[in-house]
Every structure is written in C-alpha cells, then in structure tokens.
Amino acid sequence: MKRYLSLYVHIPFCAVKCKYCDFLSFDGESYATMLRYVDSLCQEIKLYKPVSEDYVVRTIFIGGGTPSLLDENLITNIMAFIKRTFKVRNDAEIIIEANPGTLRHQKLLGYKTAGINRISIGLQSADDDILKRLGRIHNYDQFVASYNAARRAGFDNINIDIMSGLPGQSIHSYVDTLSRVLDYEPEHISAYSLQIEEGTPFANNQEILEMLPPELIDRQMYDITKRLLAAKGYDRYEFSNYSKPGYECKHNMVYWTGGEYLGLGLGASSYFQGKRFNNVSCIPEYISIMEAAGEKIAETDNIEFLYNETMRKLRQNVTPIYIDSRMEEFMFLGLRMTCGVSREDFEERFKKDIFEVYAPVLNKYISEGYMAMEGDRIYLTDKGIDVSNVILADFLLD
Ligand code: SF4
C-alpha cells in the first residue's frame, strides 16, 4: 500500500531581507540565479522517481523566502515536475507563501492553474510605521490589494500571518491589526510572537530592543487574540494557529503528527524513510550538485544509482530516528495542538501505553491542572499552554 507523503519546496529569495528574519533566504540574487535555482529544484524533484512509486502526496507547501517573487511560469514548472514524479492526490492541499507587493492578478491566475489552492499572505501588522521598522517591503494598502486580488482570482482558502511583540507595538495597534484582518474573514490566521534571533539586524540594535513590548504586554496580546478570534468563530487548533472549521493547515498538521515529509530545495529539512536530514544550504553548491546530476541523467539509464550518488552530496546531518526521539517528538509536537495527542495512536506507533513511558510527568501535570485527559486524548490546558516550554521539556527521555 502506498504511504502518505508531504512535500516542502524551498524558494530562498526575497526582495529585501526583513530585519528580524533568520530564515534561509537571500536578497539581491539575480534573475539568472533564480532561473538556475528553479532548474536545479526541478532536477532534484526528478531524481526522486526511483522512490516516488511508494508514496502518494497529500500536501505541498511552497515556502521561503518569498516564493511569490517567482513568476507564475516558474511555479507552474515546479508543479509540473512534482506531478510528473509523484502521485499527487486530487484533493491535496497545495500552498504558496506570498508577500504583499509581489502578487498581481495574472500571477495569481497562473498559480491557480498550476494547482495551488491555498495562499498564505504575510501581513505581520496593519501599522505602516511598524512594517517599515521591520523592513517589510509592503504597506497595509498593498496587503489589501493583494488579498483582494487573491479572492478575485478565486482563492477560497487564505491564511494571513500576523505578529505580536513587535518593536513599538502597543496593545491598541495590535488590536487594530486583528480587527482589520477579521474584517476580511480569512479562513485561517497565524499569530506568532516576534522572537529576536541571533545574527539578525534586530539582535544588535539597542534602540529596537528597547522598543520591544514587555513580556506581560505580549502575553496580553496573546490572550486578546484567543478571545477575539474565538468570538468570530475561529478555532485555536494549535498554540499560534486559528482556523474556521475545516480550514486547519493540513501541511502543518503533518509536521505536528509525525508524518513523513520531504524537503526539496536549498537547506530544506526532511523526515523521510526513518531519517532526518537537510539539504546543503549554499546556493552555488546546491546548483552545482544538481547541474552535475542533470548532465549525467542524459547519459545514464541507471537513475537509481544517480539518485543515491547525488543524495550523498546533497543531504547533510543524516540522522536515524530512534524510538526514544520519536516518542519525544510525538509529545513535543502533538502537544502543540489543542486537541493534544492520542493514547491509542501512541500505543499503535510505539507498542507501549503512553503511561508506561510517561506516567510520572503525566500524573503530575494532570493532577496540577496543566494537562487534561478526555477519552483517548491528552492535552495541555490553557494554564499548561502558558508554561508550555517548561512542560514540554519534561517529556525528554534520559
Ligand atoms: S519576507 Fe519572510 S523570508 Fe523574506 S526576509 Fe522577510 S520574513 Fe524573511
């Protein structure tokens, strides 16, 4: 029987690098480099032919970076290679991340024709001063234009990303962003709190660091998000993700439930055939590995050999996943979802009852009201979510 697989496709280009961003993305790359990168990506997809027969793809996430920087024909090309190589379910969720300011009607129609059925738009804030401070390339009006263009092009599944805890952000400004977003009735809202990451321009900018709202205010923003979105019919199904019923992000659910996924493109991470690994993270190196494979593919019938040889060069940090780390991940990731983890699922995967492994920690947190158990499900309560870092760390096995 075929196994389910999800694909993550990484597009590592941005128009301008945001000042808080530590994702693997680069600004200022030439169009020629983007073209060579997309060719290389298609090459990588093609090389999976020898193993693709065992799988059926149920979700695809084209992320970055700013995938919407790419013209529709390049996205169409990538999707065509995926569909030629893998069996993709007719009802697969196929997502593209987009930045306001990079979307136009024609492009959106092209994405739709290529099979994309969900758009995730990064707004972050409706306050233009804050957007400028973050180094975003767009203002609020450009977001509105992009959102409306996506609706006009027929997208009926849209996520909007917003952020709290931003420099100079007051509760009033945050609530204003939330209300404006709610006016548009997107199917899904992701609301993350800004984390200052080492090596980003923000990390070394004292003025910015002093403008960050205190933790208590950030916590209030989180509570307001929960209340306001619940009142408007959004279900908080994960710590930071809210959806209208039936519009949960299926791709992210695969990550949180320990499903198998393959990362394609620069630096992309995979959990595939019992191993974790990530691709090389230097653009010239990635392109040269793939171009070398591309030249050989024309000369060989032995694509299986070429696949193995190329993957040895491409993949880094290949780590087999042992049972203990699989159990830890099952708990860490599963408990991020408000529905928590399934006791039966745990037993099916690990041939042990969850209490056989985790009785002391589960009994402690359940009796103290940080966790709860209802039927088959064990989950963090609201009180538990507030201190989730501490609780989740207790699920590490010695
Ligand atoms: S658009 Fe996204 S990926 Fe690109 S720099 Fe900004 S935050 Fe990072």
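Whatever order the structure lists them in is the order used to number ligands and atoms, beginning at 1. Side chains included, hydrogens not; waters and symmetry mates left out as well; all remaining heavy atoms used.
With a 6.0 Å cutoff to the six-membered ring centre and a 45° limit on the axis angle, Lys112 counts as a cation-pi contact of Phe155. Cation-pi geometry between Arg343 and Phe346 is not met: the NZ or CZ atom fails to fall both under 6.0 Å from the ring centre and inside 45° of the normal. Under a cutoff of 6.0 Å and an axis angle of 45°, Lys19 and Phe202 do not form a cation-pi pair.
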Donor-acceptor contacts, no H, no angles, side chain residues 31-39, under 3.5 Å, sequence neighbours left out:
{"residue": "Tyr31", "atom": "OH", "partner": "Asp71", "partner atom": "OD2", "Å": "3.4"}
{"residue": "Thr33", "atom": "OG1", "partner": "Ser30", "partner atom": "OG", "Å": "2.9"}
{"residue": "Arg36", "atom": "NE", "partner": "Glu291", "partner atom": "OE2", "Å": "2.9"}
{"residue": "Arg36", "atom": "NH2", "partner": "Glu291", "partner atom": "OE1", "Å": "2.9"}
{"residue": "Arg36", "atom": "NH2", "partner": "Glu291", "partner atom": "OE2", "Å": "3.4"}
{"residue": "Tyr37", "atom": "OH", "partner": "His10", "partner atom": "O", "Å": "2.6"}
{"residue": "Tyr37", "atom": "OH", "partner": "Leu266", "partner atom": "N", "Å": "2.8"}

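In summary, the aromatic rings of Tyr55 and Phe272 are positioned with their centroids under 6.0 Å apart.
Under the 4.5 Å side-chain heavy-atom criterion for Ile, Leu, Val, Met, Phe, Trp and Tyr, Leu7 and Leu24 are members of the same hydrophobic cluster.
Ligand 1 lies within reach of Arg136, whose nearest heavy atom is under 4.0 Å from it.
Tyr20 OH, 3.5 Å is the protein heavy atom nearest to atom 7 (S) of ligand 1.
Ordered by chain and number, Cys14 SG make up the set of protein N, O or S atoms under 2.8 Å of atom 4 (Fe) of ligand 1.
At most 12 non-hydrogen atoms from other residues, nucleotides or ligands lie less than 6.0 angstrom from CZ of Phe23.
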